[in-house]
Amino acid sequence: MAEKSSELFDKIVNLSKRRGIVFQSAEIYGGFRSTYDYGPIGVLMLRNVKDAWWRSMVQLRTDVVGLDASILSPPAVWEASGHLATFTDPLVDCKNCGARHREDKLDDPTQCPTCGVKGELTEPRDFNLMFKTHAGPVVDEGAVAYLRPETAQGMFINFSNVQVTSRKKPPFGIAQIGKSFRNEITPGNFVFRTREFEQMEMEFFVAPEEAEKWHEYWCQERLNWYIDHGMSKDNVCLREHTQDELSHYSSATYDVDFKFPWGWDELEGIAYRGDYDLTQHSEHSGKPLEYFDQVNNKRYRPHVIEPAAGATRTMMAFLMDAYHEEEVNGETRTVLRLHHRIAPYKIAVLPLSKKPDLQGKSQEVFTKLASQWMCDYDETQAIGKRYRRQDEIGTPYCVTVDFDTLEDNAVTVRERDTMEQVRLPIEELATWFAERLS
Ligand code: GAP
């Protein structure tokens, strides 16, 4: 990260709006607090974050399978999981200005941070963070449904379905990416804490005596994932939860923390959930959620290690980590030094001019490359400006088609970080990029 101040935060918010990464939702109506829309560049980057996670967690492994469970679920799930009783924040209202605050986040528990008046805060009351709605036409208690506040429960309630159909044996995992919803009292810091967000979670089921070993394994594995995808080692670390931080289901948790402009904060939690969830759902549903180990003729309830990350939060961390400004020929160059797997576009095809024969050749090159990689095509303004535009959104390579191309069937390839250029025959491009973008 080039900078670590609030200036960096503002630059990321501005870049996001200016370049179509993230927009305030319902902006033409004045915006809707804590909701964001991902624009043409942002949607690519967010998808890449999720694909990179899925690739590492599912595609490259033989011991993890995927799931896509529903967002709407009945109260029974959340009663069993403990979310109805305990997924709460202590809330106080200011009787002077009406502002609402989380009591546990106040510096002075007697003073309203909005209006500064002392002694006007109400007693704290527990505020459940789940979004409640009604499924179907009748609005009564029997029709109550909740938007999931985490994707995890989908994996627990489908444990037997998945285990039997995939024929996996512990140690094995179920992974899921999807939207979750929390009625956060204090959303903020751009997309860091929002009411609607995306999670990437995996429940790894193990024999109880192997839980500690697997917890250590997943902590290391997950930390390495961020570093392997380009994050600076100085900006990510593992941090163990103190006893009073632990969630109701966890006996040990480590966070992967990132150095945000406001300080170290959570990107992902890796919790040891024991057999809490499978026990709760077995007892509440009456269905045994167990595994029968035929080799040892033993029936047991697996324990769970859960690496749970936020996709939207991770994307923001990648943006902050990759943001650099540098002086080039007396001008400031803004460059996102993103790992190629995270970068929105891998290649930009740039015809030197809008002359029809150059356009035709450039389209040909684009079509060839776009069948394998997400490519941009840009023919407006001077070539230098176009390079800068691609640097700013982290495109690793630009391919320039010029007048010589029509003669020698070769193009100039420019690398984002070094700005070095090489001349390559068009027929060699696919192989050249395959070596660098795999
Ligand atoms: N199943 C466990 C679980 O949900 P969590 O720590 O509450 O654990 C996991 O959430 C991750 O989801 C967090 O580390 C964070 O990256 C992301 N996350 C949680 N709440 C969020 C919010 N309001 N906005 C954006 N991301 C959030």
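Everything quoted here is computed from the prediction, not taken from an experiment. Numbering of ligands and ligand atoms starts at 1, following listing order.
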For atom 25 (C) of ligand 1, the protein heavy atom that lies nearest, with its residue and separation = Phe192 O, 3.1 Å
Quick check: does any side chain N or O of Arg273 sit under 3.5 Å from a backbone N or O of Val304, one acting as donor and the other as acceptor?
-> no
Options Phe87, Phe197, Phe156, Phe181, ranked by nearest heavy atom to atom 27 (C) of ligand 1, top entry = Phe197
With heavy atoms under 4.0 Å as the rule, classify the contact between Asp255 and ligand 1 as side chain, backbone, both or neither.
-> neither
Where ligand 1 meets Ala152 - atom numbers and elements under 4.0 angstrom, heavy-atom basis | 1 (N)
Any cation-pi pair here, Arg301 with Tyr291, using under 6.0 Å and within 45°?
-> no
Proximity winner for atom 7 (O) of ligand 1, if only heavy atoms of Glu150, Arg182, Arg313 are counted = Arg182
Report, in ascending order of atom number, the atoms of ligand 1 lying under 4.0 Å from any heavy atom of Arg273.
-> 1 (N), 2 (C)
For the salt bridge (Lys or Arg N to Asp or Glu O under 4.0 Å) test, which of Lys50, Arg148, Arg313, Arg47 pairs with Glu198?
-> Lys50
Only residue of Gln421, Glu415, Arg414 satisfying side chain to side chain donor-acceptor pair (under 3.5 Å) with Thr418 is Glu415
Considering only the protein, which heavy-atom contact is closest to atom 3 (C) of ligand 1, and what is its distance?
-> Glu201 OE2, 3.5 Å
With a cut-off of 4.0 Å, which atoms of ligand 1 are near a heavy atom of Glu268?
-> 14 (O)
Looking just at side-chain N and O atoms, do Thr332 and Glu325 make a donor-acceptor pair shorter than 3.5 Å?
-> no
Heavy atom of Arg148 under 4.0 Å from ligand 1?
-> no
Residue pair Tyr272 / Glu306, side-chain donor-acceptor N/O under 3.5 Å | no
Which bit of Glu196 gets closer than 4.0 Å to ligand 1, counting heavy atoms only: side chain, backbone, both or neither?
-> neither
Can the ring centroids of Phe433 and Tyr397 be said to lie less than 6.0 angstrom from one another?
-> yes
Backbone or side chain, does any N or O of Pro149 fall under 3.5 Å from an N or O of ligand 1?
-> no
Expected output: side-chain Arg239 to main-chain Val256 donor-acceptor under 3.5 Å = no
For atom 12 (O) of ligand 1, the closest protein heavy atom turns out to be Gln199 NE2, 3.2 Å
Can you tell me the protein heavy atom closest to atom 8 (O) of ligand 1 and the distance?
-> Tyr249 OH, 3.9 Å
Under 4.0 Å from ligand 1, counting heavy atoms only, is it the side chain of Glu306, its backbone, both or neither?
-> side chain
Closest protein heavy atom (residue, atom, distance) for atom 16 (O) of ligand 1 = Leu267 O, 2.8 Å
Which residue supplies the protein heavy atom nearest to atom 24 (N) of ligand 1, what is that atom called, and how far is it?
-> Thr194 N, 3.0 Å
Whether Phe204 and Trp214 hold their rings parallel, tilted or perpendicular, with breakpoints at 30° and 60° = tilted
Among all protein heavy atoms, pick the one closest to atom 11 (C) of ligand 1 and tell me residue, atom and distance.
-> Ala308 O, 3.6 Å
Ranked by distance from atom 6 (O) of ligand 1, the top protein heavy atom is Glu266 OE2, 3.0 Å
Say whether, by atom type as modelled, one donor and one acceptor occur between the side chain of Ser34 and the main chain of Arg195 under 3.5 angstrom.
-> yes
Ring-face cation of Arg55 near Trp53 (centre distance under 6.0 Å, axis angle within 45°) = no
